[in-house]
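Structure first, then comments.
As the structure is a prediction and not an experimental result, all values here were calculated from the model. Side chains included, hydrogens not; waters and symmetry mates left out as well; all remaining heavy atoms used. Counting starts at 1 for both ligands and their atoms, in listed order.
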Amino acid sequence: MSVSPHGRKTTRLMKVYIETMGCQMNRLDSELVTASLRAAGHEMVDDHGQAEVVLYNTCSVRRHAEEKVYSRLGGDSRRKAHHRPRLILGVLGCMAQREGQELARRFGGLDIVCGPGQLARLPELIAAAAAGEKTVALDPDALEARREKKKTDHRGTEAQRAEEGDWLRSGTPLAVPTNVGIPDVTDTDDFDSLDMAREGSPDGGARSQAYVRVMKGCDNFCTYCIVPLVRGPEQSRRPERIVQEVRRLVDAGVTEITLLGQTVNHYRWSDGSKTVRFSDLLADVADVPHLRRLRFITSHPLDFTDDILQIMAERANICEHIHLPPQSGSDAILGRMNRKYTRGQYDELIDRARAIVPGVVLAGDFIVGFPGETEADHEASAGLMRRSGFKNSFVFKYSPRPGTAAARNMPDDVPEQVKRRRNNELLAVQEQVGLAHHRSYIGTTAEVLVEGPSVRAAKQGFEPSAERTQLVGRTRGDHIVHFFGPQSLSGQYVRIRITEATSLALRGEEEKEEETVSRRGEER
Ligand code: 5AD
Ligand code: SF4
């Protein structure tokens, strides 16, 4: 460990293991962190046992995900105490932000607690940890939200309150009074420094798909959701920077870009003279030369306006796929969830989407067992699922999250076994809906971007050869397609004649004859 002429800490290069839980935003964050650690000279390893630095990029959306991290940290802390005193342990992302100092107190072996807005500091935090400094680096925006929450919600002793008040004010180190040499890179006007630092292809190799963040945070405050508390207020990125990042990725060989935001369709940039809406951003990104596919996730049914649907219909490279979580089909539950739309408005949006964007493919998320959910409410969700014809749906059992309005004000009154039954019932409905949806593609030809050898085939013991292995790819509508072909097709676009369907995927054969790729790629 030494101090560079700029006063920054430098450290010996280490083997770093990172495990990612949760959503696509976390996957992107981990990708960017990996790039920045590699740029700092560290080596990324897949083997947890070999690593000198173990990082967990965590999710707080449901309790289950958090429990997994506690269990991992318990094991790592014991290993560190007994055999590996120099092991550096870090928690990144939403759990770090949600629990902050409490997490560091609970796991004495933890060196780094780093909120999602502070990830650009990670190389410095690792250097500090190697010198024996423990750091809790939290995003000030979400701290503000935590402060508000503490005012109304904290039941600790005066002494605890005083102590927590201190770290809430400083947001800096745990065991060391000052944090000399660790620059505070948090700048609310420039939250995308890590995104902009990424060079070309996402992992330095030849990849054809990449995520690009267009906004962070969320202002919706759905009553069950922790995201606004941990990811802070909604902030859109400057459009020119998004386009610049996409250009760079495309120049490096990426052909499919997915724009990411918690409520991506709420994207809005204004600098006084001009306002850029999400549909304008889509048009600007779609214009990047040689970008073959443009996707976006996740959308909120509120403000999914016709200008977005129209630009999807107009631009050949915008994929006709919308992840549009309804969460519930019942007005009573939607109201208590603070979703700000009714069942009727959701149904009407689906009809508009189908009318304006030919062949649009829809996917949903549902929560079962929200406080006060009756059998009739549950039936309404099943009805919405059937009516919407989703390609796939994620179904979650309601999990009360500390600090959210639902956890504070609504008793978690649906018994666990009822949640489980409703979960299974909705999954069974989705299975029927998904099967009908996928079957409707049999006999059609789809343009498929080949992602690589199928993991499922490997599990089934299928022996691949260079000429023929089981490959998996995605259509423009985000359908999973399995087919046999040479491994060299990975990253390529091929035309697949669909022959079979399950509730989750399609199977087909490569069409050999040269054909012009159709406008939509999936004639129906
Ligand atoms: N309990 C269960 N599911 C939740 N989700 C968000 N918060 C909760 C919660 N407290 C689900 C929503 C969201 C998805 C990412 O996670 O369905 O769309
Ligand atoms: Fe959570 Fe609702 Fe924001 Fe989605 S829109 S991140 S569910 S608060």
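The aromatic ring centres of F296 and Y267 sit 6.0 Å or more apart.
Distances from atom 13 (C) of ligand 1 to the heavy atoms of K419, K397, Q327, H323 put Q327 nearest.
Close approach of ligand 1 to R401 (heavy-atom distance below 4.0 Å) involves ligand atoms 10 (N). With ligand atoms numbered from 1 in the order given, ligand 2 contributes 2 (Fe), 7 (S) to contacts under 4.0 Å with heavy atoms of R339. In summary, the atoms of ligand 2 found under 4.0 Å from a heavy atom of T263, numbered by their order in the structure, are 5 (S). Near H300, with a cut-off below 4.0 Å to any heavy atom, the atoms of ligand 2 are 5 (S). Taking every heavy atom of Q262 and a limit of under 4.0 angstrom, the matching atoms of ligand 2 come to 6 (S). Contact atoms of ligand 2 toward N220: 5 (S) (distance under 4.0 Å to a heavy atom of the residue). For ligand 2, the atoms lying closer than 4.0 Å to a non-hydrogen atom of C218 are 3 (Fe), 5 (S), 6 (S), 8 (S). Every atom of ligand 2 is numbered from 1 in the order shown, and the set under 4.0 Å from a heavy atom of P228 is 8 (S). Against a heavy-atom cut-off of under 4.0 Å, Y224 is close to the following atoms of ligand 2: 7 (S).
Note that R62 lies in the cation-pi zone of F396, set by a 6.0 Å cut-off to the ring centre and a 45° limit from the axis. Cation-pi contact between R339 and Y346: absent, since separation from the ring centre below 6.0 Å together with deviation from the ring axis within 45° is not met.
Counting heavy atoms from C-beta outward, T135 and I112 have side chains that stay 4.5 Å or more apart.
Of the options T58, L92, T20, a side-chain contact (heavy atoms from CB on, under 4.5 Å) to N26 is made by T20 and by none of the others. With respect to H479, the side chain to side chain donor-acceptor pair (under 3.5 Å) criterion is satisfied by exactly one of K391, H438, H321, H437: H437.
Counting heavy atoms under 4.0 Å from ligand 1, residue V61 touches it through both backbone and side chain. If you look at Y224 next to ligand 1, the close heavy atoms, those under 4.0 Å, come from the backbone and the side chain alike.
For the 3.5 Å distance criterion, the side chains of R72 and Y56 fail to qualify, holding no donor opposite an acceptor.
For atom 15 (C) of ligand 1, the closest non-hydrogen atom of the protein is D365 OD2, 4.0 Å. Protein heavy atom closest to atom 10 (N) of ligand 1, with residue, atom name and distance, is S399 O, 2.8 Å.
E31 and R213 are not joined by a salt bridge, as no carboxylate oxygen comes within less than 4.0 angstrom of a charged side-chain nitrogen. The pair D351-R354 fails the salt-bridge criterion, with no side-chain N (NZ, NE, NH1 or NH2) lying under 4.0 Å from an Asp/Glu carboxylate O.
At a cut-off of 2.8 Å, C222 is counted among the residues with an N, O or S atom near atom 2 (Fe) of ligand 2.
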### Task
Take H378 and E425, measure what side-chain hydrogen bond (donor to acceptor under 3.5 Å, both in side chains) needs, and give me the verdict at the end.
CA-CA 9 Å; H378 171 58; E425 283 172 2; 2.8 Å; yes
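Between Y398 and ligand 1, not a single N/O pair is under 3.5 Å apart.
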